[in-house]
Amino acid sequence: MMWNDCIQLHAEQSKGCTPRFSVANEWKIGLAWQQSLHCVNCQFKSGMYKLYDEVPTAGRGQKPATTNVALQIGLQDSAISNTKMCYLLTSANVPPPSRRGMQKNANKVTSITAQHTVDDLKQKREKIREINSLCGHEHNAPINISTDVLYNSTSLKNSYGAGQSCSQAIATCIEWLTDRHDIIGFHLENKLCKLGSTLRNRGYDVSCPGHEGCTATIPVDEPISEYRMGREMGLSLAKDNVRVKCVATDGDALGARGIQIIIIVYVTPSGQSKRLKWVHKTCKEYLLK
Ligand SMILES: [Zn+2]
Ligand SMILES: [Zn+2]
């Protein structure tokens, strides 16, 4: 569009000049660019052109470029971060975006993704109840699930000091009602808080979790507990009226017992539900019966 516009404007403004365009000004916005052209044979100079599409936003000011937002969406699904992305772009001789700008976009994208994830889980649980009805069961008939926890370290044990070696863990559970095995619940435990750490280094008396804008969910000296994560997942399932019959899990910890406690307390207050059967993760045949 920029070239077509400039050729037409140049033909109208500088009659008789054979155009020879060159970049007059350019402005980098992350991976996107704004440019203007000028003709080296005459005085023609164009205005600035946005060489990217914009993401429509409600607020005032400069709208983010689709390229920069798309980059952050892609990075969410990969194992590298903004730092490594800058390194890769520089290696390919592409001017990398500023780290600050990338982080700003990442914060916006992750908060939207988080909200979408919660909404999606709610829809998946609603779907479970629909499928139960289609199969001729009660809409809240108990289903089988399997669950496991992913840690941000290769081992639970810390080789260099006391306590666990991991600082983040996420528990997920998938349903065995359909062949899709959708994720219907998750719970994250996080000990890391950049803001709290920065404030403490500047002399403020803050503790994590608890202060405004804190990202930690448990204190740094408290062990990450699969039992607690199972309990929180069970609670969120129970709140959406999804009942659990069997939990398939590994023998690492007590995640299944955490779910069991919630199912008994919240879903069947009389405590008459069948006890959850502890099955090993590898016993998939058991659930397919
Ligand atoms: Zn010219
Ligand atoms: Zn904090």
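Order of listing sets the numbers, starting from 1, for every ligand and every atom in it. Sequence positions, counted from 1, serve as the residue numbers for this chain. For the numbers below, each heavy atom of this structure counts, side chains included, while hydrogens, waters and symmetry mates do not. Here the structure is a predicted model, which is why all the values come from computation and not from measurement.
Aromatic rings of H10 and F21 (six-membered ring for Trp) have centroids within the 6.0 Å cut-off, being under it.
N68 pairs in a side-chain contact (heavy atoms from CB on, under 4.5 Å) with only one of the listed residues (V109, I29, V55), which is I29.
Between the SG atom of C39 and the SG atom of C17, the angle centred on the Zn ion (ligand 1) amounts to 120° when rounded to 10°. The Zn ion (ligand 2) lies at the vertex of an angle of 110° between the SG atom of C208 and the SG atom of C193 (rounded to 10°).
Under the 4.0 Å criterion applied to side-chain N and carboxylate O atoms, R231 and E226 are not assigned as salt-bridge partners.
Counting heavy atoms of neighbouring residues, nucleotides and ligands inside a 6.0 Å radius, atom CG of D205 does not exceed 12 of them.
Summary: NE2 is the N/O/S atom of H211 found nearest to the Zn ion (ligand 2).
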